[in-house]
K.L.:
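Have a look at this one before I ask anything.
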Amino acid sequence: MGVDIKELVEPVAREVELNLLTGKAVAIDAYNSLYQFLATIRQKDGTPLMDAQGNITSHLNGLFYRTINYVENGIRPVYVFDGKPPEVKLRELERRQQVKAEAEKRYLEALERGDLEEARIYAQQTSRLTSSMVEDAKKLLTYMGIPFVQAPSEGEAQAAFMTRRGDVWASGSQDYDSLLFGSVRLVRNLAITGKRKLPRKEVYVEVKPEVVELEELLSFHGITREQLVVIGILVGTDYNPGGVKGYGVKKALKLVKELGDPVKVFKAIPWEFETPPDVIMQLFLEPEVTENYSLQWREPDKEKVIKFLVDEHQFSINRVENALERLEKAYKTFFKQASLESWFGF
DNA sequence: CGCGGGAA
DNA sequence: TTCCCGCGG
């Protein structure tokens, strides 16, 4: 779910045009993307897209076409996959499983009643990303020539680390967690077709990519990154869901600015979580990450993509070939730079 | 969500 | 050319 510091971020969030991102590498939160595809790419009654064997393919559909759109806009995507969650998060993950089980019941009930709109809403909430779906996504990326990084733990932490090393320009996610992990820059709403339907409403709004600079966020509020993490913990993170009773963004910011030192803040408030606050602080300030990755955007292997999507998962050959044509063209335009090595024949 | 065919 | 909307797997 992520930390809800929208109010804090909004004043420094800049709407940008997509072409601002041309030539930039972005570390995209793979789980965040795949979940969104899984939740939204569905039929009227909420059934996801599936191949002939009944395997879900909604995530592949979204990943394939959106990634091509990135490349066509000169964006260099690198997908970052979550690894093993910190133990502190296990309770929250368990809670989410329960919410999904509940949604599953309501989904079936709505179907029974023939209420397709309700059914779809609950179906979306049942979305589960299985390991085979993740493997499929990685396969597809490999065939497309798009790099991915397997994070040892939190993907958002890994993406943040990559921005700090300067390997990517920004992290890309709908959640704000990467800012707590120290991401230099966050891009939200990184979709190409800008119209999005508001939940439960027949209203569509234009959504443009939104860039948040960590330094700007901190200086705007006159706080340090440590203090931002404290605010996050007060309002609630995946490591202390719900946050501290009575604290929203405004009250948390006020307290943090009054007391300054995180230790003083945590002494001043009631702490009802099992995990001590300093342990959670450390998870954000010194998360487990890896330097063991290399970012290379390669020419797409069209044959393998077609074999995978069309032969194995029953995608339409026409659509896939069309999209691959676009991908190859974009690859040549933006990524196939005449490097010194190639000039000298290395 | 994003594609693409048909309407305008 | 742009917009809309039904379908994709």
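The chains referred to below are lettered A, B, ... by the order of the sequence lines, with proteins before strands, and numbering in each begins at 1.
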K.L.:
Go through the structure and list residues passing side chain to side chain donor-acceptor pair (under 3.5 Å) with A:Ser171, not counting sequence neighbours.
P.N.:
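Residues passing side chain to side chain donor-acceptor pair (under 3.5 Å) with A:Ser171: A:Ser178, A:Ser183.
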K.L.:
Check the distance between C:dG9's P and A:Ile41's CD1 and give it to me in whole angstrom.
P.N.:
11 Å
K.L.:
Could you note down all residue pairs passing ring-ring contact (aromatic ring centres under 6.0 Å, His included) where residues 206-230 of chain A supplies at least one of them, sequence neighbours left out?
P.N.:
none
K.L.:
A:Tyr79: which residues meet the ring-ring contact (aromatic ring centres under 6.0 Å, His included) condition with it, sequence neighbours left out?
P.N.:
none
K.L.:
Would A:Asp82 and A:Gln150 count as having a side-chain donor-acceptor pair, cut-off 3.5 Å?
P.N.:
no
K.L.:
Round to the nearest Å and state the distance from A:Leu140 atom CG to B:dG2 atom C1'.
P.N.:
15 Å
K.L.:
CZ of A:Arg42 versus C1' of B:dC3: gap in Å, rounded?
P.N.:
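After rounding, the reported distance stands at 19 Å.
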K.L.:
Find the distance A:Lys44:NZ to C:dG8:P and express it as a whole number of Å.
P.N.:
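Going from A:Lys44 (NZ) to C:dG8 (P), I get 10 Å.
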K.L.:
Below 4.0 angstrom from OP1 or OP2 of B:dG2, is there any side-chain N or O of A:Arg66?
P.N.:
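For A:Arg66, the contact criterion (side-chain N or O under 4.0 Å from OP1 or OP2 of B:dG2) is met.
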K.L.:
Could you check which residues of residues 317-325 of chain A get a heavy atom under 4.0 Å from DNA chain B? Sort them by number, please.
P.N.:
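The stretch gives A:Arg319, A:Asn322 as the residues lying under 4.0 Å from the strand, ordered by number.
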K.L.:
Is the shortest distance from a Lys or Arg side-chain nitrogen in A:Lys139 or A:Glu135 to a carboxylate oxygen in the other one below 4.0 Å?
P.N.:
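No.
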K.L.:
Starting from P on B:dG2, measure out to CD on A:Gln43 and report it in whole angstrom.
P.N.:
18 Å
K.L.:
Quick one: which residue pairs count as a salt bridge (Lys or Arg N to Asp or Glu O under 4.0 Å) with a foot in residues 12-34 of chain A, not counting sequence neighbours?
P.N.:
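Sorted pair list: A:Arg14-A:Glu213, A:Glu17-A:Lys208.
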K.L.:
If I take atom CG in residue A:Leu49 and atom P in nucleotide C:dG9, what distance separates them, rounded to the nearest angstrom?
P.N.:
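Whole-Å distance recorded here is 7 Å.
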K.L.:
A:Arg326 CZ to B:dG4 P: how many Å, rounded?
P.N.:
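To the nearest whole Å, that distance equals 7 Å.
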K.L.:
Would you jot down, in residue-number order, the residues of residues 50-62 of chain A having a non-hydrogen atom under 4.0 Å from DNA chain C?
P.N.:
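When residues 50-62 of chain A is checked for heavy atoms under 4.0 Å from DNA chain C, the hits, listed by number, are A:Met50, A:Thr57, A:Asn61.
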K.L.:
Would you mind reading off the distance between A:Ile68 atom CD1 and B:dC3 atom P, rounded to a whole angstrom?
P.N.:
8 Å
K.L.:
With sequence neighbours left out, which residue pairs that include part of residues 316-326 of chain A fulfil the side chain to side chain donor-acceptor pair (under 3.5 Å) condition?
P.N.:
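Passing the test, one end in residues 316-326 of chain A: A:Asn69-A:Arg326, A:Glu72-A:Arg326, A:Lys302-A:Glu325.
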K.L.:
Show every side chain to side chain donor-acceptor pair (under 3.5 Å) that has at least one partner inside residues 266-286 of chain A, sequence neighbours left out.
P.N.:
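Listed by first then second residue: A:Arg91-A:Glu274, A:Lys245-A:Glu272.
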K.L.:
Kindly list each side-chain donor-acceptor pair under 3.5 angstrom involving residues 99-114 of chain A, sequence neighbours excluded, with atom names and distances?
P.N.:
unit_1	atom_1	unit_2	atom_2	d
A:Lys100	NZ	A:Tyr35	OH	3.4
A:Lys100	NZ	A:Ser127	O	2.6
A:Glu104	OE1	A:Arg128	NH1	3.2

